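Worksheet: one structure, shown below.
The sequence lines fix the lettering, A, B, ..., with proteins before strands; numbering per chain opens at 1. All values reported here derive from a predicted model rather than from experimental measurement.
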Number of protein chains: 2
Amino acid sequence: MTVKITPALEDYLESILIIQERGNVPRVKDIARMINVKAPSVIEALSHLQKKGLVVHERYGYIEMTSKGLKKAKKLYGRHLLLKKFFQDVLGLDKKLAEEDACRIEHYLSQETLNRMLSFINFIEDHPEEKPDWLSDFQSLIEGNHKG
Amino acid sequence: MTVKITPALEDYLESILIIQERGNVPRVKDIARMINVKAPSVIEALSHLQKKGLVVHERYGYIEMTSKGLKKAKKLYGRHLLLKKFFQDVLGLDKKLAEEDACRIEHYLSQETLNRMLSFINFIEDHPEEKPDWLSDFQSLIEGNHKG
DNA sequence: TTATATTATTAGGTTTGCCTAACTTTTGGA
DNA sequence: TCCAAAAGTTAGGCAAACCTAATAATATAA
């Protein structure tokens with residue numbers, strides 16, 4: 001059984017992974033800036049994540065994910081990337097908006113729906129001969145409609 | 001400028017519209033059942049909605065939306081229906097799951113993304129000659145993958 | 001090394017959104 | 001009509017998630 005956490009805590013956990021993947025050591029202030037909150041909120045969140053066994057954080061010391069935390073963070077970040085890709089490649093959203101909307105809904109979609117989106121993306125990529133006819137028709141259509 | 005309300009309050013407002021559209025008079029207990037909360041939460045929410053000028057509710061009396069409230073409720077419900085349709089017609093989700101996921105994310109998507117989804121749906125409906133090639137290919141593909 | 005700037009933490013407070021328990025009002029059947 | 005059941009309301013409490021102000025620890029630079 002994987003641990004359940006709130007959408008807000010998901011954001012904190014994910015941000016730690018992202019900072020690490022950029023090759024940096026996660027600091028309270030970096031997490032705060034990334035999530036757009038103040039430092040005390042980070043401290044509080046870390047203590048909750050620690051209670052759930054996803055993170056280890058010692059006073060004035062390093063912030064580390066447990067293996068359980070890392071696994072969960074990767075799963076969350078995977079969802080995020082999938083949604084972003086769907087928004088970009090299927091709906092033709094620009095990078096920034098795709099990122100923003102992915103952020104906002106990643107906590108709420110069922111696994112099944114995410115699977116469908118993945119299938120959709122895969123389908124497009126696996127059937128390049130079919131793609132141009134419709135997806136590019138669609139995307140050039142929306143270029144005109146949606147201000148460009 | 002339209003009034004901003006929280007996701008939770010959006011649910012309450014929307015539920016009032018839905019109950020009315022079904023031809024019923026909205027009652028506290030009906031709203032409570034629809035949103036899966038207890039009656040006191042409804043009372044509290046109604047007083048917030050009233051403060052925002054979206055609803056009128058007199059003690060032990062009728063629950064009515066103002067014209068502003070009705071307008072907002074319709075907009076929210078429109079989003080809900082759009083998302084549900086997208087999930088069903090594009091991703092091929094079953095009705096129940098489409099409904100559930102629409103519920104969960106309807107508060108968080110940007111207008112732009114919703115517009116794209118609408119365009120996508122319209123595109124499908126306006127180009128029936130192109131549709132079979134890809135959307136039905138996709139949908140029969142996922143029939144196999146996703147348990148059917 | 002010591003003073004200062006930066007970073008981290010604690011304490012305490014706010015808002016939102018939910019709850020239960022107790023109470024009030026309304027409704028509907030005997 | 002009257003009283004019990006149903007519906008609605010109030011009071012008070014709790015958790016999540018944020019904040020500011022004050023304090024503590026650490027890092028840096030003179």
Side-chain angles (χ1 to χ4, degrees), chain A residues 2-16 19-20 22 24-65 69 72-73 76 100 103-108, chain B residues 3-16 19-20 22 24-65 69 72-73 76 103-108:
Chain A
T2 55
V3 187
K4 256 270 185 175
I5 58 177
T6 61
L9 289 184
E10 287 185 354
D11 281 336
Y12 287 96
L13 191 60
E14 211 179 317
S15 75
I16 295 171
I19 289 168
Q20 281 186 353
R22 288 179 185 165
N24 298 314
V25 176
R27 306 276 181 206
V28 170
K29 77 177 160 72
D30 300 323
I31 298 171
R33 187 157 27 83
M34 178 158 295
I35 312 220
N36 271 309
V37 297
K38 304 295 177 180
S41 302
V42 176
I43 299 290
E44 191 178 51
L46 288 174
S47 99
H48 286 135
L49 289 172
Q50 179 145 356
K51 242 179 266 168
K52 301 261 183 184
L54 301 169
V55 147
V56 176
H57 179 218
E58 41 196 309
R59 230 162 154 268
Y60 296 104
Y62 288 117
I63 296 161
E64 286 175 83
M65 285 185 282
K72 193 171 190 67
L76 295 172
E100 283 173 14
C103 258
R104 283 201 288 262
I105 71 167
E106 62 178 82
H107 314 290
Y108 305 106
Chain B
V3 187
K4 255 270 184 176
I5 57 177
T6 61
L9 289 184
E10 287 185 354
D11 282 336
Y12 287 97
L13 190 60
E14 211 180 317
S15 75
I16 294 171
I19 289 167
Q20 281 186 352
R22 288 181 185 162
N24 297 315
V25 176
R27 305 276 180 206
V28 170
K29 76 177 162 73
D30 300 323
I31 298 171
R33 188 157 27 82
M34 178 158 294
I35 313 222
N36 271 309
V37 298
K38 304 297 178 179
S41 302
V42 176
I43 299 290
E44 190 178 50
L46 288 174
S47 99
H48 286 136
L49 289 172
Q50 179 145 355
K51 244 179 266 166
K52 302 260 183 184
L54 300 169
V55 147
V56 176
H57 178 218
E58 41 195 307
R59 228 161 156 270
Y60 298 104
Y62 288 116
I63 297 162
E64 285 176 84
M65 287 184 282
K72 192 170 190 68
L76 296 171
C103 257
R104 283 200 289 262
I105 70 168
E106 61 178 81
H107 314 289
Y108 304 106

Side chain [X], main chain [Y], donor-acceptor under 3.5 Å:
X       : Y       : answer
B:Glu64 : B:Val56 : no
A:Lys52 : A:Val3  : no
A:Glu14 : A:Ala73 : no

Problem - Student check: side-chain heavy atoms of A:His107 and A:Asp11 closer than 4.5 Å - result: yes
Handout entry: A:Val55 side chain near A:Tyr12 side chain, heavy-atom distance below 4.5 Å
Key = no
Below the 4.0 Å mark, does [N] have OP1 or OP2 next to a side-chain nitrogen or oxygen of [X]?
X       : N      : value
B:His57 : D:dT9  : yes
A:Tyr12 : D:dC18 : yes
B:Arg59 : D:dT10 : yes
B:Ser41 : C:dC19 : yes
B:His48 : C:dT15 : no
A:Lys29 : C:dT7  : yes

Practice task
Select base, sugar-phosphate, or nothing to describe what A:Ala8 touches, counting heavy atoms under 4.0 Å on all strands.
Solution key: sugar-phosphate
Nearest-neighbour nucleotide for the [X] side chain, [options] considered:
X       : options                : result
A:Val28 : D:dA17, D:dT9, C:dA8   : C:dA8
B:Thr6  : D:dA17, C:dT16, C:dA8  : C:dT16
A:Val37 : D:dA16, C:dC18, D:dC19 : D:dC19
A:Lys38 : C:dT9, D:dC19, D:dA17  : D:dC19
B:Ile43 : C:dC18, D:dT9, D:dT20  : D:dT9

Euclidean distance, atom [atom1] of residue [X] to atom [atom2] of [N] [Å, nearest integer]:
X        : N      : atom1 : atom2 : result
A:Asp11  : D:dA16 : CG    : P     : 16 Å
A:Leu9   : D:dA17 : CG    : C1'   : 9 Å
A:Tyr62  : D:dA27 : OH    : C1'   : 13 Å
A:Asp30  : C:dT7  : CG    : P     : 9 Å
A:Glu10  : D:dA16 : CD    : P     : 14 Å
B:His107 : C:dG17 : NE2   : C1'   : 13 Å
A:Ile35  : D:dA17 : CD1   : P     : 11 Å
A:Lys52  : D:dA15 : NZ    : C1'   : 11 Å

Exercise for the section: Take A:Pro7 and B:Pro40, find for each the nucleotide of DNA chain D with the closest heavy atom, and name the residue whose nucleotide sits nearer the 5' end. Expected result: B:Pro40
Handout entry: Donor/acceptor link under 3.5 angstrom from A:Tyr60 side chain onto base of C:dT7
Key = no
Handout entry: Under-4.0 Å salt bridge between A:Arg33 and A:Asp30
Key = yes
